Amino acid sequence: MSIRLCYLNGKFVLPEEAALPVSDLLIQRGVGIFESISTYQKRPLMLTPHLERLLAGAKSAYITPPMSLPEMRDIIMEGVKTLDEELLIKVYLSGGDVFNKMKGFTEPRFFVVYEPLIIPSRESYENGVRLEPIIDDERYDPSTKSVDYRRVFTLSANDGYAEILYCPNGEITESGHSSFFLYLNDTLVTAPLTRVLKGTTRQAVIDLARRAGMSVEERCPLLTELSQAAEAFITGSVKKILPVARVGAQVIGDGRPGPVTKRLSALYLERIVEWLE
């Protein structure tokens, strides 16, 4: 990880100058939420929807935002303009130093980290990736993008797969960092928002599919349906639409990126400039 710039305590600083106090509950108890926003053509992609999700997550986590969405947006844009490269922008609200039983976390810290954007390899898009199913677990409070990714990191130690795939009781919800889609019986199937994070790219793909005349069903796909599926893919701000060739030992379709995945990827890239800010 090579951090280029940080915003903390009301100013932009170099990474070596940025520090949180050990009293912050993000450090002491892992309390905090964040968003990861990528740039495209050096402009933030879906910045406003990401910040809307951050503020919705703050409400769910009882964190009082220290500033408004427009104020956050202006700070993020200032940093983007300072750095002449494609970026991954991570926006955080920490738990701060204070917890009030009636009001929650009332003094959070807002900070932003700017890193170089690293996208999946060309081979990943050409051949598809493997996901590892985790049967006995799912992400806690999927409506909120918590900083607690310990489970994701510890389960992803094996380099043989791209991400873990949460499959509690045989129902597929989402992967460690992405939304999951299965193309089954001419229908695009993905878990409902009652079970998963409201992915910005997820929603864009659903809208594109429906406009293209595709059938979309929002329910949890089943592990038992993988053998019948023609295609699968995951979506996210950085990876966009990434084909899935295998889930565990199960090959999806013919094990290659299929026509539906390719079509949606093309449609997404045709429209991507509309989502830049």
Side-chain angles (χ1 to χ4, degrees), residues 4-5 7 33-58 65 67-93 110 112-120 122 124-125 142-145 163 174-175 177-181 183 188 190-193 196-214 216 218 233-244 257 260-277:
R4 296 286 194 258
L5 186 66
Y7 178 89
I33 59 174
F34 80 106
E35 287 290 327
S36 293
I37 305 159
S38 66
T39 63
Y40 186 85
Q41 297 178 353
K42 300 178 183 179
R43 293 167 60 190
L45 178 61
M46 301 182 186
L47 174 57
T48 297
H50 276 286
L51 292 180
E52 289 173 343
R53 189 172 69 181
L54 181 76
L55 293 177
M67 62 183 71
S68 67
L69 188 152
E71 291 172 317
M72 292 180 185
R73 187 183 183 279
D74 288 346
I75 290 167
I76 292 166
M77 293 299 293
E78 184 178 350
V80 170
K81 292 175 183 177
T82 301
L83 300 164
D84 188 27
E85 60 182 306
E86 299 294 358
L87 298 165
L88 177 62
I89 307 156
K90 296 179 180 177
V91 187
Y92 293 86
L93 287 175
F110 169 79
V112 187
V113 174
Y114 299 82
E115 302 171 5
L117 181 65
I118 300 174
I119 61 175
R122 177 181 295 182
S124 296
Y125 290 98
S143 67
T144 302
K145 197 171 175 67
E163 294 187 21
E174 57 195 334
S175 66
H177 301 275
S178 316
S179 302
F180 178 83
F181 288 80
Y183 190 61
L188 203 59
T190 191
L193 292 180
V196 298
L197 185 71
K198 185 180 180 181
T200 54
T201 310
R202 171 194 179 276
Q203 189 58 54
V205 168
I206 289 174
D207 292 343
L208 288 172
R210 286 178 170 154
R211 289 178 188 175
M214 297 181 191
V216 179
E218 294 186 64
F233 58 84
I234 53 177
T235 64
S237 299
V238 175
K239 60 183 66 69
K240 301 175 180 65
I241 300 175
L242 185 61
V244 173
V260 171
T261 303
K262 291 177 180 178
R263 183 184 182 196
L264 287 171
S265 295
L267 290 172
Y268 183 84
L269 290 176
E270 285 175 10
R271 292 277 308 279
I272 195 169
V273 294
E274 300 177 19
W275 300 310
L276 301 179
E277 299 187 34

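In this text the structure is predicted, and so the values were computed from the model without any measurement.
In this structure, Thr190 and Phe180 approach most closely via the heavy-atom pair OG1-O, 2.7 Å. Shortest non-hydrogen contact noted between Glu163 and Ser175 is OE1-OG, 2.7 Å. Phe233 and Pro243 get closest at one heavy-atom pair: CB-CA, 4.0 Å. Residue Leu117 comes nearest to Thr39 through the heavy atom pair CD2-O, 3.6 Å, listed as atom of the first residue, atom of the second, then distance. The two residues Leu208 and Leu267 come nearest to each other via the heavy atoms CD1-C, 4.1 Å. The two atoms that bring Ile33 and Ala58 nearest to each other are CD1-N, 3.3 Å, heavy atoms only.
Applying the side chain to side chain donor-acceptor pair (under 3.5 Å) criterion to Thr261, with sequence neighbours excluded, gives Glu231. Qualifying side chain to side chain donor-acceptor pair (under 3.5 Å) partners for Glu174, counting only residues two or more places apart in sequence or in other chains: Arg139. The side chain to side chain donor-acceptor pair (under 3.5 Å) check on Thr201 picks up nothing, with sequence neighbours excluded. Residues passing the side chain to side chain donor-acceptor pair (under 3.5 Å) test with Thr82, sequence neighbours excluded: none. Every residue meeting the salt bridge (Lys or Arg N to Asp or Glu O under 4.0 Å) condition with Arg210, not counting sequence neighbours, appears here in chain and number order: Glu218.
Contact check for Phe181 versus Val244: no side-chain heavy atoms found under the 4.5 Å cut-off. Counting heavy atoms from C-beta outward, Ile37 and Val91 have side chains that approach closer than 4.5 Å. The closest side-chain heavy-atom distance from Val273 to Arg43 is not below 4.5 Å. Annotation: side chain of Glu85 is in contact with side chain of Leu87 (closest heavy-atom distance under 4.5 Å). At least one side-chain heavy atom of Leu264 sits less than 4.5 Å from a side-chain heavy atom of Val205. Residues Leu54 and Met72 form a side-chain contact, since some pair of their non-hydrogen atoms from C-beta on lies under 4.5 Å apart. Residues Ser36 and Val238 form no side-chain contact, since every pair of their non-hydrogen atoms from C-beta on lies 4.5 Å or further apart. Within the 4.5 Å cutoff, the side chain of Lys240 has heavy atoms near those of the Ile272 side chain.
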Stepwise salt bridge (Lys or Arg N to Asp or Glu O under 4.0 Å) test for Arg4 and Glu115: CA-CA 5 Å; Arg4 296 286 194 258; Glu115 302 171 5; over 6 Å; no
Derivation and outcome, side chain to side chain donor-acceptor pair (under 3.5 Å), residues Lys239 and Ser178: CA-CA 9 Å; Lys239 60 183 66 69; Ser178 316; 2.8 Å; yes
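Atoms CG and CG, from Leu55 and Leu51 in turn, are 7.0 Å apart once rounded to the nearest 0.5 Å. With rounding to the nearest 0.5 angstrom, the OG atom of Ser38 is 7.0 Å from the CG atom of Leu88. Interatomic distance, Phe34 CZ to Lys145 NZ, rounded to the nearest 0.5 Å: 4.0 Å. With rounding to the nearest 0.5 Å, the separation of CD in Glu78 from CG in Leu5 is 9.0 Å. Between the CD atom of Glu52 and the OG1 atom of Thr200 there is a distance of 11.0 Å, given to the nearest 0.5 Å. The structure places OG of Ser179 at 11.0 Å from CD1 of Ile241, a figure rounded to the nearest 0.5 Å.
Within 6.0 Å of atom CD1 in Ile118, 12 or fewer heavy atoms from other residues, nucleotides or ligands are found, so the atom counts as exposed in its surroundings. Counting heavy atoms of neighbouring residues, nucleotides and ligands inside a 6.0 Å radius, atom CD1 of Ile119 does not exceed 12 of them.
The salt bridge (Lys or Arg N to Asp or Glu O under 4.0 Å) contacts involving residues 268-277 comprise Arg73-Glu277, Arg271-Glu274, where partners must be two or more places apart or lie in separate chains.
A donor-acceptor pair shorter than 3.5 Å can be found between the side chains of His50 and Ser237.
Using the six-membered ring where Trp is involved, Trp275 and Tyr268 have ring planes that are tilted, between 30° and 60° apart.
A side-chain contact (heavy atoms from CB on, under 4.5 Å) with Leu197 holds for exactly one of Arg202, His177, Arg53; it is Arg53.
The main-chain N or O of Gln41 is found under 3.5 Å from a side-chain atom of Glu86 such that the two form a donor-acceptor pair.
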